[in-house]
Amino acid sequence: MRVLVVEDERDLADAIARGLRREGYAVDVSHAGDDALVKASAYPYDLVCLDLNLPGLDGREVCRRIRAQERRDGEAQPRILMLTARGGLNDRVEGLDDGADDYLVKPFELSELAARARALLRRPGEPANGQLRVGELELDPARHIATVGSTPLSLTPKEFSLLRYFMLRPGDALSEFELLTHVWDENANPLTRTVRVTVMTLRRKLAAAIAGAEQPIQTVPGVGYRLRADV
Amino acid sequence: MIPAPLRSARARLTILYSTLLFALAALVVGGLYLSLSLSLRDEPISQGAAIRATVPVNDGGEEVERTFVEAASFERRVNEHTLRNLRRFSVGALTGLFLISLAVGWVIAGRVLAPIARITAVAQEIQASELSRRIGLLGPDDELRRLADTFDSMLARLDEAFASQRRFVADASHELRTPLAIIQANLELALSEAAPSDASRAEAAVVIERALRRMTRLTDDLLALARLESPEIARETFPAHVLLEESRTEFASAAAAREIELESVAPAELELHGDREALRRALANLLDNALRYAPEGSRVTLSAASAGAGASITVADEGPGLDDMDRNRVFDRFWRADGSRDRNGGGSGLGLAIVKRIAEAHGGSVAVRSQPGAGATFAIELPLAKPEPRAA
């Protein structure tokens, strides 16, 4: 899950980014409206946390323009979570009317921001707390715990995010490019084998945990990888 | 103690009006009665026409002449009867007149006072939080209409004052929320880490300290602004070059740190008149801005000169300058130039608003001359020293 944090207060932007990264999101940060628009058109964000009060292009305008952007390859529009210090009714109504999906008034708790992010990114049929289950595999993003059977997996944040993305799309063949754009942030170098390496280490940890049973993450030749829906 | 029903202006007006009318009518009727009764008490008119009949009375065989005036006594009785009737009718008529005048007075007083009742009703409905209502009295442009219009314009001024107060509080809380959010988020991150490293703890502490310093600056400036709202400022006369030199010294190290040449120019004989502490603060805010935006190695000039009937203090920098739109907004509270938005290093956004308040408290003004790319010059114009009010 890839998130763009647009906030001109660097200290706050960094704190939000760190909080969301810990939840397993790939987070990019932007400090200005025009820069945010460039990033939003370049990467398929799942969620944009957008400060209303930005220098230059203000948050409402950014929100409208993101909504107006065409997404490639039938990617879904990002959800937009508006952050603002102004909590008046009019501000909230206008923000939502501009295309925001939710609204959070500063100062807020990071745990609430994370909960709202989970709620916004929840898909139909997904349990409310964001816990995922595919066969023997279980994953709780709020508590950052992944288990197979009853064996806990010790995963790095990146491996955790990768597993989460696989578990959101069980059975689907996912290309390396898709994994790179949704699970890694803009600092990932597309020319390195970072996706392949992380998939490999994740597989190794899964194999160790299930001890002999069939590897749940399969290679789809010429396409990428797939998490078996019936682990 | 006046009984409650009589305490209304309407009742009092009615009674006053009726009593006056009654008294006037009584005077007229009484006068009529009096003059009538006087004229009737005069010699009865029948006197002249008294029947002078000579009746032979046999009194010892001698004939004596006697005059009879019986008609006069008859007439007197008629007069008395008439006067009694007049009295009765007058009393009746006066009573009737009094009752009718009470009724008429009640109605008229009611009509005249109706607008006041309306003004009262609206004024009672208006709460402090809802000052948008107006009395809006219609009708002729008379005393009551003017009263209502005066109320309305007072309400409009209050409404504006409250609205600007509300905006100020909203802006201030908005400005405070951001550092609060930073503090909260960083504390949460630091506290939720299972085994926080010293480095991450130190980093959180630095960020939180920065946010706290910003909040302190902001609350200081808010307090300064609030204090400037009071109309009285201290006034003293002092040489301009001393003030400028003090300010220059205060910012010398800050300027040196950025290799900015800071100089002050003031004619030795120029005297300023006003609140020295406040003016020093205004200069400090201007210098703070100038040093923040001026590029390294440039020059910031602090100067004073007599200007027309007063004095002018200017702070000129060679920074990026301001365009037309920014020039108009630069004295607004919480406005900051875009591009200078790294607010942690910046001010509270109140600095120039404070300068403006200080200049206005002195009966002066502050203005900015600037072109994009050509630096900015802020000038505080102070009026000439007013003669000290002589102590009695």
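Residue numbers start from 1 in every chain, and the chains themselves are labelled A, B, ... in the order their sequence lines are given, proteins ahead of strands. In this text the structure is predicted, and so the values were computed from the model without any measurement. Excluded from the calculations below are hydrogen atoms, water molecules and symmetry mates; all remaining heavy atoms, backbone and side chain alike, are included.
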How long is the straight-line distance from CD of B:E188 back to CG of A:L113, given to the nearest 0.5 Å?
9.0 Å

NZ/A:K106 to OG1/B:T178 distance, rounded to the nearest 0.5 angstrom?
4.0 Å

Please check this pair: side chain of A:E109 against backbone of B:A185, looking for a donor-acceptor N/O pair closer than 3.5 Å.
no

Just wondering, more than 12 heavy atoms not from A:R64 lying within 6.0 Å of its CZ?
yes

Heavy-atom count check: over 12 atoms from other residues, nucleotides or ligands less than 6.0 Å from A:F108 CZ?
yes

Other residues, nucleotides and ligands only: do more than 12 of their heavy atoms fall within 6.0 Å of CZ on B:R134?
yes

Residue pair B:N186 / A:D11: nearest heavy atoms and the distance that separates them:
ND2-O, 4.1 Å

From A:L110 CG over to B:Q184 CD, what is the distance, rounded to the nearest 0.5 angstrom?
8.0 Å

Under 4.5 Å, heavy atom to heavy atom: which of residues 17-25 of chain A reach chain B? Give them by number, or say none.
A:R18, A:G19, A:R22

Are more than 12 heavy atoms, taken from residues, nucleotides or ligands other than A:R193, located less than 6.0 Å from that residue's CZ atom?
no

Distance (rounded to the nearest 0.5 Å) between B:I183 CD1 and A:L12 CG
11.0 Å

Test side chain to side chain contact (heavy atoms under 4.5 Å, CB included) on B:R177 and A:T84 and set out the steps.
CA-CA 9 Å; B:R177 276 166 198 270; A:T84 177; over 6 Å; no

